Amino acid sequence: MSLEKDRISSAQMIILGLLTLIGDMALVYPSVMAAGAHQDAWIAGLICIPLGLATVKLMVSAANINPNQTIIELSTQILGKWVGGAVSVSYLFFFLMAASTYVREIEDFMCTQIYEATPGGVIRFMAIVLLVYGLRLGLENLGRSAQIFFPFFALFLLCLILLLPNIQMDRIYPILNTPFPDMLHTIMFGVYYPYGEMCVFFMVYPFAQKHSKTSRDIFISLFIGAIGLNLIVFLSLTILGPYFSEHEFYPAYILAQRINIGNFLQRIEALLATTWIISTYFKTALYIYAFVLGTAQLLKLKTYKHLIFPVGFLIYGMTNLLAKDIIFYVKEIPVYWVDWDFTYAFVFPSLLLIVNYFRKRSAQAREQR
């Protein structure tokens, strides 16, 4: 019997997917890409789009082994009790760490850019209260809320188009001057940072109402989101330059401060901050949801909602343990995080598909005998 009674529509799942793809990447993606490829970051970003969509296709194929089961149930069914259990625990650990990291991102951003005199613990507590409240209302309400907030999210993000007159193309020259190993490393980051973190939908996909064109709609929406992310990278490179794109913690926020139309429409960076907080909220909520639901399934509990409050307290403490300061968090964590994304978005889904294929072949061979 399923622990989750709520259902979301295909459109709600796609909107949640778009918010998850952009999520925290809206502010940090330009610096991640520019750190490796410098002025060629926009080229690396374009190369990442088909590779990222291929990674999502792999995850969708793994999820379609049994569209009504989460990754926790699939792992134990296909890989067995012990190996599948180890894979399930690994996913749960990642979901917990990722949720804690996103809360820490909200805290650091708000405390360094907007509320500079506010203690980080206050921002963290407010974020967790909102997350716990949203999750207590259920997945269906989360999907409906995403539909309500999405137009504001899209409108605020489109404000960056006002920066087009400030573009200076000479800032991206010389083109293709990045050494091949650095470009390859940047592409690895560009694929598995935004697209790899879509693995959280292994826990949401079974509860979405799917139709014949669901897969097509997923890829169209993710393609649009990828274009939006790479537009931010391009604007950052051509307006701020490769050096500042690489060394600013939040280059997209600095970009929004540059918007000035006739000395009248200006200082609208708060709109971009709102956009980022909206998308990061839903991304974080999905990761906490994945953790509590997966834990309940693994432990065979009757409901997952009793775990939401304790997990909220756990995440409050975990955010403080992640890093001693923002410098350590920005410079050290990303180097290893991409390996996690690669493991959960590529290695484990590939393992499930391969083992399931051979198990089917073995079953067919036994039937023919």
Side-chain angles (χ1 to χ4, degrees), residues 4 8 10 12-25 48-79 83-84 86-95 97-99 139 143 187-226 229 282-283 286-287 289-291 293-294 297 337-357 359-360:
E4 180 58 85
I8 59 175
S10 179
Q12 290 169 348
M13 180 181 68
I14 289 168
I15 289 174
L16 285 170
L18 191 56
L19 292 171
T20 301
L21 176 69
I22 296 178
D24 58 325
M25 291 291 112
C48 290
I49 293 177
L51 297 176
L53 294 179
T55 301
V56 174
K57 173 63 176 175
L58 176 70
M59 289 189 282
V60 171
S61 299
N64 281 331
I65 293 174
N66 189 333
N68 298 316
Q69 289 186 334
T70 67
I71 192 66
I72 306 301
E73 296 167 316
L74 276 177
S75 298
T76 52
Q77 175 186 321
I78 296 173
L79 302 178
V83 176
V87 170
S88 299
V89 170
S90 181
Y91 267 104
L92 293 177
F93 179 73
F94 175 66
F95 294 151
M97 292 299 295
L139 180 63
I187 291 172
M188 178 79 172
F189 273 69
V191 170
Y192 290 105
Y193 260 156
Y195 303 97
E197 293 182 358
M198 300 296 291
C199 65
V200 70
F201 279 86
F202 277 130
M203 303 298 296
V204 179
Y205 189 74
F207 311 115
Q209 300 170 356
K210 294 170 278 291
H211 52 75
S212 59
K213 296 181 180 179
T214 296
S215 296
R216 183 205 65 179
D217 294 343
I218 289 173
F219 289 107
I220 290 175
S221 66
L222 293 182
F223 177 77
I224 294 172
L229 279 179
F282 285 105
K283 185 175 184 177
L286 286 179
Y287 269 88
Y289 170 81
F291 176 73
L293 176 63
Q297 288 180 330
W337 197 270
V338 69
D339 297 329
W340 275 13
D341 288 336
F342 175 73
T343 300
Y344 300 115
F346 182 81
V347 175
F348 286 155
S350 298
L351 178 64
L352 289 174
L353 287 169
I354 293 170
V355 172
N356 184 64
Y357 172 77
R359 288 187 64 177
K360 280 188 174 181

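Predicted model only: the values in this text are computed from it and were never measured.
- Heavy atoms only, all atoms of each residue included: Leu139 and Tyr289 are closest at CD2-OH, 3.6 Å.
- A distance of 15.0 Å separates CZ in Phe93 from OG in Ser88, rounded to the nearest 0.5 Å.
- Counting heavy atoms from C-beta on, the side chains of Ser90 and Phe348 come closer than 4.5 Å.
- Within the 4.5 Å cutoff, no side-chain heavy atoms of Leu352 are placed close to those of Val87.
- Closest approach of Ile78 to Arg359, counting heavy atoms only: O-NH1, 2.8 Å.
- Partner of Trp337 under the ring pair (Phe, Tyr, Trp, His ring centres under 6.0 Å) criterion, chosen from Phe94, Phe342, Phe189, Tyr192: Phe94.
- In this structure, the side chains of Cys199 and Tyr287 come closer than 4.5 Å at one or more pairs of heavy atoms.
- In this structure, Lys213 contributes its side chain and His211 its backbone to no donor-acceptor pair below 3.5 Å.
- Here the closest non-hydrogen pair linking Ile49 and Tyr195 is CA-OH, 3.6 Å.
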Residue pair Phe201, Met59: steps toward the side-chain contact (heavy atoms from CB on, under 4.5 Å) verdict: CA-CA 9 Å; Phe201 279 86; Met59 289 189 282; over 6 Å; no
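- Side-chain contact between Thr20 and Phe282: absent, with no pair of heavy atoms (C-beta onward) separated by less than 4.5 Å.
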Step-by-step side-chain contact (heavy atoms from CB on, under 4.5 Å) determination, Trp340 to Met97: CA-CA 11 Å; Trp340 275 13; Met97 292 299 295; 3.6 Å; yes
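- The distance from atom CD1 of Ile224 to atom CG of Leu229, rounded to the nearest 0.5 Å, is 12.5 Å.
- Within the structure, the side chain to side chain donor-acceptor pair (under 3.5 Å) test picks out no pair touching residues 53-63 (sequence neighbours left out).
- Residues Ala345 and Leu58 come closest through the heavy atom pair O-CD2, 3.9 Å.
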Determine whether Thr70 and Gln297 satisfy the following criterion, side chain to side chain donor-acceptor pair (under 3.5 Å), listing intermediate values before the conclusion. CA-CA 9 Å; Thr70 67; Gln297 288 180 330; 2.6 Å; yes
For the pair Leu74 and Leu79, evaluate side-chain contact (heavy atoms from CB on, under 4.5 Å) and give the outcome as yes or no after the intermediate values. CA-CA 8 Å; Leu74 276 177; Leu79 302 178; over 6 Å; no
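- For the pair Gln209/Ser10, no side-chain contact is recorded, criterion being any heavy-atom separation below 4.5 Å from C-beta on.
- Separation of atoms CG (Leu18) and NZ (Lys283) is listed at 12.0 Å; rounding is to 0.5 Å.
- Annotation: the span from Phe202 atom CZ to Met198 atom CE amounts to 11.0 Å, rounded to 0.5 Å.
- Remark: Asn64 engages Tyr205 in a side-chain hydrogen bond (donor to acceptor under 3.5 Å, both in side chains) (not counting sequence neighbours).
- In this structure, the side chains of Leu19 and Leu286 stay at 4.5 Å or more apart for every pair of heavy atoms.
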Under 3.5 Å, side-chain donor or acceptor atoms of residues 215-222 against the rest of the protein: list the pairs with distances, not counting sequence neighbours.
unit_1 : atom_1 : unit_2 : atom_2 : d
Ser221 : OG     : Asp217 : O      : 3.3
Ser221 : OG     : Ile218 : O      : 2.8

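- Taking the six-membered ring where the residue is Trp, Tyr91 and Tyr344 present tilted rings, their angle falling between 30° and 60°.
- Considering only heavy atoms from C-beta on, Pro206 stays 4.5 Å or farther from Gln69 through its side chain.
- For the atom pair CG (Leu21) and CG (Leu16), the distance works out to 12.5 Å, reported to the nearest 0.5 Å.
- Contact between Ile72 and Gly294 at its shortest, heavy atoms only, is CG1-CA, 3.8 Å.
- With values rounded to the nearest 0.5 angstrom, Cys48 atom SG is found 12.5 Å from Tyr193 atom OH.
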